[in-house]
2 protein chains.
Amino acid sequence: MTELVSAGIEPLFRLLSRYMPLTAEDRAALTMLEVGPICTKEARADLAREGENPSVIRLLVSGWACRYKDLPDGRRQIVAFFLPGDFCDLSVYILSELDHSIGALTPVRYFELLPHQFQQVIDERPHLLRALLWHEMVASGIQREWLLSIGQRTPVERLSHLFVELYSRLKAVGQAQDHCFDFPITQHNLAEANGLSLVHVNRTLQEMRRMELIELADRQLRILDLEKLKRIAMFNNNYLHFNRE
Amino acid sequence: MTELVSAGIEPLFRLLSRYMPLTAEDRAALTMLEVGPICTKEARADLAREGENPSVIRLLVSGWACRYKDLPDGRRQIVAFFLPGDFCDLSVYILSELDHSIGALTPVRYFELLPHQFQQVIDERPHLLRALLWHEMVASGIQREWLLSIGQRTPVERLSHLFVELYSRLKAVGQAQDHCFDFPITQHNLAEANGLSLVHVNRTLQEMRRMELIELADRQLRILDLEKLKRIAMFNNNYLHFNRE
DNA sequence: AGTTGCACCTAACGCAAGTTATAATGAGTT
DNA sequence: AACTCATTATAACTTGCGTTAGGTGCAACT
């Protein structure tokens with residue numbers, strides 16, 4: 001039972017360790033975040049909608065979620081992927097009204113933290129605040145990289161870049177080994193994240209398979225040639241700010 | 001002389017006032033930021049390059065600048081516009097290496113602040129920190145909105161949205177009245193910011209003139225029908241988080 | 001007066017990517 | 001077993017937007 005619960009902060013701990021060395025005490029402090037009951041949502045459910053005024057900070061434990069924005073006529077843009085270990089709403093500390101929505105892409109499990117619980121952890125271990133802020137800054141850097149992708153990269157480059165990014169981030173939380181990882185989202189989701197039509201995502205994936213860059217089947221993505229993929233994507237890992245590779 | 005110098009923080013003071021009420025003491029504290037000499041750069045000069053490790057926080061006083069990222073083959077994406085009153089590098093507090101560059105779009109004037117000078121102001125007036133964090137969060141929200149624009153909005157919608165955003169932001173720092181403001185950047189810059197070719201930006205502007213949405217000539221932009229422009233852009237001002245309209 | 005460079009404008013051409021439609025598969029339901 | 005519904009695939013058609021290649025006007029410099 002205990003190990004099941006403490007599996008909750010494992011991705012978060014690994015993630016923050018990428019930015020700075022953390023001790024066993026830090027890890028213990030982080031387990032204080034596991035107070036509340038664990039929440040679950042089905043794929044395609046919303047965790048929060050634009051315009052709401054949330055009072056909790058969500059820590060994703062398993063599954064993939066996303067931040068998205070939509071237009072009155074139904075067009076939708078995914079602006080970020082949340083992977084295990086990610087916080088969805090750290091901005092709650094400062095801003096009131098949400099300017100975006102949060103949706104589950106797969107079935108998800110997450111903790112809902114009240115700001116004061118969160119505060120407690122920071123008070124106990126002040127340098128964790130720095131690690132968390134770092135994580136937020138990296139999230140912001142990822143947004144910028146996505147703008148570069150959508151604005152300038154071709155579809156093959158764009159998907160290549162995204163796959164390398166996801167591989168790096170999943171490896172950081174121990175969810176990717178070799179050049180292979182669970183890829184639980186649909187081509188439709190890829191389209192929404194990359195400003196492409198569903199049909200064109202499919203075409204582009206076919207092309208990437210022909211180029212022997214990736215294998216993608218049965219919700220598993222295998223990168224066949226990581227170096228080539230990085231070259232094509234013009235991937236520069238500095239924006240992830242992982243200090244300890 | 002004094003009023004010339006204190007004109008430096010005027011845009012910043014106005015900007016932060018949009019988020020929360022500020023007092024004369026706050027204003028006085030902010031003038032402490034004007035310590036160093038004022039710096040200047042020509043249009044098209046860089047203030048900082050990706051990969052650098054800056055030790056200063058830049059506060060833009062006049063002119064327009066941008067945050068941009070570029071690819072090895074020369075493609076370039078502007079990911080944010082900096083207007084007077086904006087900080088270029090608040091993230092220096094946390095991250096070390098820059099994952100983007102900062103460039104002047106017009107001749108600019110700015111202060112370079114050392115983190116400890118900055119700290120001094122925050123210590124004196126703690127709630128200014130909150131206002132500054134707020135400003136950072138808004139910047140992040142603007143990034144998300146841009147992602148929505150580039151990913152989903154048509155060129156006319158995209159430019160419409162940008163013009164409304166710039167009008168709102170410039171009004172907040174007292175640089176736009178009526179429906180008119182100085183528009184010192186080139187169509188080439190608009191192209192770089194919107195993921196469009198120069199030629200297509202020109203086409204799109206022509207169309208917007210035909211639609212009687214805007215007039216743009218002699219570096220002056222006039223919005224002819226703000227409500228119509230907002231409707232076309234599907235502009236929802238919540239992402240700017242201006243509490244006091 | 002001539003040159004250079006920059007910003008803006010316009011037209012012709014072609015391809016990349018969106019749209020629409022249809023089919024195959026598989027999982028979950030009744 | 002028949003139903004839905006989501007997902008992937010792929011073909012035919014259309015179009016938006018990039019590319020290339022010009023043009024003009026203006027300011028700065030020689």
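Here is how names work: the chains are called A, B, and so on, in the same order as the sequence lines, proteins then strands, and each is numbered from 1. Fair warning: this is a prediction, and the values are worked out from it, not measured in the lab.
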Distance, rounded to the nearest Å, where [X] contributes [atom1] and [N] contributes [atom2]:
X        : N      : atom1 : atom2 : answer
B:His188 : C:dC8  : NE2   : C1'   : 13 Å
B:Met208 : C:dC8  : CE    : C1'   : 17 Å
B:Gln187 : C:dC9  : CD    : C1'   : 8 Å
B:Asn202 : D:dA21 : CG    : P     : 19 Å
B:Asp218 : C:dC8  : CG    : C1'   : 12 Å
A:Leu105 : D:dT7  : CG    : C1'   : 15 Å
B:Ile185 : C:dA7  : CD1   : C1'   : 13 Å
A:Phe183 : D:dT7  : CZ    : P     : 13 Å

Looking at every strand, decide which applies to A:Arg209 at a 4.0 Å heavy-atom threshold: base, sugar-phosphate, or nothing.
->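 The residue A:Arg209 makes sugar-phosphate contact but no base contact.
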Verify, without hydrogens or angle tests, whether A:Lys69 (side chain) and A:Asp99 (backbone) share a donor-acceptor contact under 3.5 angstrom.
->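 Yes: the side chain of A:Lys69 pairs with the backbone of A:Asp99.
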So, B:Asp89 side chain and B:Val92 main chain: donor-acceptor pair closer than 3.5 Å or not?
->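 No, the answer is negative, given that no donor and acceptor are paired below the 3.5 Å cut-off.
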Protein proximity profile, nucleotides 11-30 of chain C - base contact B, sugar-phosphate-only contact S, no contact -, cut-off 4.0 Å on heavy atoms = BB----BBBB----------
Is there any salt bridge (charged side-chain N to carboxylate O under 4.0 Å, His left out) pair reaching into residues 42-51 of chain B, and which pairs are they, with sequence neighbours excluded?
->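 Found B:Arg49-B:Asp70.
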Just wondering, more than 12 heavy atoms not from A:Asp218 lying within 6.0 Å of its CG?
->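 Counting other residues, nucleotides and ligands, CG of A:Asp218 stays at 12 neighbours or fewer.
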Quick one: side chains of residues 205-214 of chain A, donor-acceptor pairs under 3.5 Å with protein atoms, not counting sequence neighbours, listed by atom name and distance.
from	atom 1	to	atom 2	distance (Å)
A:Gln206	NE2	A:Asn202	OD1	3.4
A:Arg209	NH1	A:Leu216	O	2.7

Looking just at side-chain N and O atoms, do A:His135 and A:Asp86 make a donor-acceptor pair shorter than 3.5 Å?
->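 Per modelled atom types, A:His135 and A:Asp86 side chains form a pair under 3.5 Å.
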